[in-house]
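These numbers were taken from a predicted model, which means no experiment stands behind them.
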Amino acid sequence: MAQLTASTRHEVNQAIMDSAGILSKAQYDKLCQLIYNLSGINLGGGKEELLRSRMLKLLKASQTASVDEYISRMEADSTGELLVAFLDVVTTNKTNFFREARHFDFLQEEILPHLDELCGHEPLRIWCAASSTGEEPYTIAMVLLENKQYWLQRGASILASDLSSKVLNQASQGIYPTNKLEGIPQPLLHRYFLKGVKHRQGFVRVKNELRNMVKYARINLMDAFAFAQPFQIVFCRNVMIYFDRPTQERLVGKFYDVMTNGSYLFVGHSESLSGINHGFKFIRPALYRKE
C-alpha cells in the first residue's frame with residue numbers, strides 16, 4: 001500500500017471513525033466464513049460485540065477506511081498478515097517456555113531414551129505446527145541439547161511453523177523480554193540465553209547453539225502438506241480448540257499421513273481427539289501415538 005500523506009491519513013482515520021462503529025450481521029457472517037475458509041478457525045456466534053469494540057483499532061492500524069475494504073484486502077493478502085492481525089483481536093494467544101511441562105518430561109524420559117525403536121536409523125524429526133513466537137520449539141531444543149547422548153549420532157531437527165510471518169520473524173531472532181522467562185530452570189537460562197546490555201537491557205537472546213536447532217517456515221495448516229520426510233514427533237498444541245470437529249478431523253488425518261509408525265502427537269491439555277475419527281492410539285491426556 002502506498003504511503004499516505006498527513007492530510008490523507010487524517011481523512012482515512014475520520015472515515016474509519018465514521019464507519020467502524022457499525023458491524024452488520026452480513027459483514028460479521030462474511031468475516032466468519034472468510035476466516036473459516038482461510039484458517040479453519042470457527043468464530044461462531046457471540047463475538048459480535050468483541051469485534052465492534054476492537055474493529056476501530058484494527059482498521060486504524062491497517063489504514064483501511066471500512067470493514068468491507070478490510071475484508072477485501074484480507075482476501076487479497078497473500079502474506080496472511082491481515083488475517084493474522086484480525087485473528088489476534090478475536091483469539092487468545094498465550095505461549096511461554098515449558099508450557100504444559102509434563103509434555104517435555106515425557107519427551108525427555110519416555111521418548112528420547114528409545115529413539116532406536118522410534119526412528120530406526122533415521123534422524124529424529126520434530127514439527128512444531130503452531131510455533132508462534134518460538135517459545136515451544138526453543139523449549140524442545142533445550143530438552144534435546146540436554147540429552148544429546150540419545151540423538152547426537154543420528155542427528156535431530158526441529159521444524160517450527162506458523163501462519164504469521166511476523167511471529168516467525170520474531171521467533172527466528174530469539175529475543176525475549178526477561179518477564180517471558182518464567183518457567184525456565186536457572187541452569188538452562190544461564191546455558192542457553194545471553195543477557196542484554198545497554199539498549200537491550202531487560203531482554204535476553206537465545207544463544208546460537210539453540211537457534212541453530214530450529215528451522216522456521218510459514219505453513220497454513222489448512223493447506224496440503226508437502227514434506228520430503230515424515231516426522232516422528234508433532235506438537236500441535238492449543239490451536240485445534242479454535243477449529244470445528246470436521247476441521248479437526250481433517251487436520252489430524254493430515255498429521256497422521258506425514259508421521260511414521262510409532263510416532264507421537266502432542267495436543268494441548270484443553271484439547272482432545274475424542275469425538276473425531278482418527279488412527280492414533282490414546283497414550284495419556286493430550287498425547288497420542290500412531291500405531
Side-chain angles (χ1 to χ4, degrees), residues 25-48 50-51 70-71 74-95 99-100 103 126-132 136-137 159-168 217-227 230-231 233-259 263-283 285-291:
K25 184 179 185 305
Q27 288 172 326
Y28 182 79
D29 290 344
K30 187 172 183 180
L31 282 169
C32 287
Q33 188 60 51
L34 176 61
I35 298 309
Y36 183 79
N37 292 342
L38 292 176
S39 70
I41 292 178
N42 184 16
L43 292 182
K47 292 210 170 104
E48 293 90 342
L50 174 68
L51 282 184
Y70 191 89
I71 293 173
M74 191 157 53
E75 289 175 318
D77 180 21
S78 61
T79 70
E81 292 310 315
L82 287 177
L83 168 64
V84 172
F86 177 81
L87 293 177
D88 283 345
V89 308
V90 294
T91 59
T92 300
N93 296 306
K94 181 182 183 297
T95 183
R99 184 182 184 187
E100 299 179 349
H103 283 164
I126 301 174
W127 179 20
C128 294
S131 60
S132 187
E136 179 179 88
L159 172 65
S161 69
D162 201 274
L163 181 63
S164 169
S165 56
K166 180 179 179 180
V167 299
L168 290 173
R218 183 179 180 272
I219 297 175
N220 187 336
L221 297 179
M222 297 302 102
D223 293 341
F225 298 158
F227 299 110
F231 298 95
I233 300 172
V234 172
F235 282 77
C236 185
R237 306 191 304 166
N238 305 299
V239 175
M240 288 192 288
I241 53 174
Y242 297 111
F243 299 157
D244 60 15
R245 289 293 184 188
T247 304
Q248 290 175 355
E249 188 168 303
R250 288 193 298 272
L251 179 59
V252 170
K254 289 163 63 178
F255 285 143
Y256 188 91
D257 290 340
V258 298
M259 296 171 67
S263 56
Y264 292 90
L265 173 65
F266 292 86
V267 300
H269 283 294
S270 60
E271 300 169 321
S272 170
L273 302 191
S274 62
I276 66 174
N277 293 319
H278 62 86
F280 290 95
K281 178 182 178 181
F282 174 84
I283 302 300
L287 177 61
Y288 298 83
R289 185 170 62 215
K290 177 175 178 177
E291 295 294 297

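Leu251 has its side chain within reach of Phe243: a pair of non-hydrogen atoms, C-beta onward, lies under 4.5 Å apart. The shortest side-chain heavy-atom distance between Val252 and Val267 does not fall under the 4.5 Å cut-off. When side chains are defined from C-beta on, Met74 counts as touching Leu31, because their heavy atoms get closer than 4.5 Å. Side-chain atoms of Phe225 and Phe255, non-hydrogen and from C-beta on, do get closer than 4.5 Å to each other.
Note that CG of Leu221 is 11.0 Å distant from OG1 of Thr247, once rounded to the nearest 0.5 Å. Taking CG of Leu168 as the reference point, atom CZ of Arg218 lies at 8.5 Å (rounded to 0.5 Å). To the nearest 0.5 angstrom, Asn277 atom CG is 11.0 Å from Arg245 atom CZ. The CD atom of Glu291 sits 5.0 Å away from atom NZ of Lys281, with the distance rounded to the nearest 0.5 Å. In this structure, CG on Leu163 lies 11.0 Å from OG on Ser132, to the nearest 0.5 angstrom. His103 contributes atom NE2, which lies 12.0 Å from atom CD1 of Ile233 (distance to the nearest 0.5 angstrom).
Of the possible polar contacts, none joining the Lys290 side chain to the Leu265 backbone as a donor-acceptor pair under 3.5 Å is found. Side chain of Arg237 to main chain of Glu136: no donor-acceptor pair is present (N/O by atom type, distance under 3.5 Å, no hydrogens or angles).
Considering all non-hydrogen atoms of both residues, Ala130 and Val239 come closest at CB-CG2, 3.1 Å. Taking each heavy atom of Met240 and Gln248 in turn, the nearest pair found is O-NE2, 2.7 Å. Considering every non-hydrogen atom in both Ser274 and Tyr288, the closest pair reads N-OH, 4.4 Å. For the residue pair Ser270 and Ile241, the shortest heavy atom distance occurs at OG-CG2, 3.7 Å. Considering all non-hydrogen atoms of both residues, Glu271 and Gly268 come closest at OE1-N, 2.6 Å.
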Practice prompt. For the pair Glu100 and Phe266, evaluate side-chain contact (heavy atoms from CB on, under 4.5 Å) and give the outcome as yes or no after the intermediate values.
Written response: CA-CA 11 Å; Glu100 299 179 349; Phe266 292 86; over 6 Å; no
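Within a 6.0 Å radius of NZ in Lys30, other residues, nucleotides and ligands contribute 12 heavy atoms or fewer.
Each of Tyr264, Phe235, Phe227 was checked for a ring-ring contact (aromatic ring centres under 6.0 Å, His included) with Trp127, and the lone residue meeting it is Phe227.
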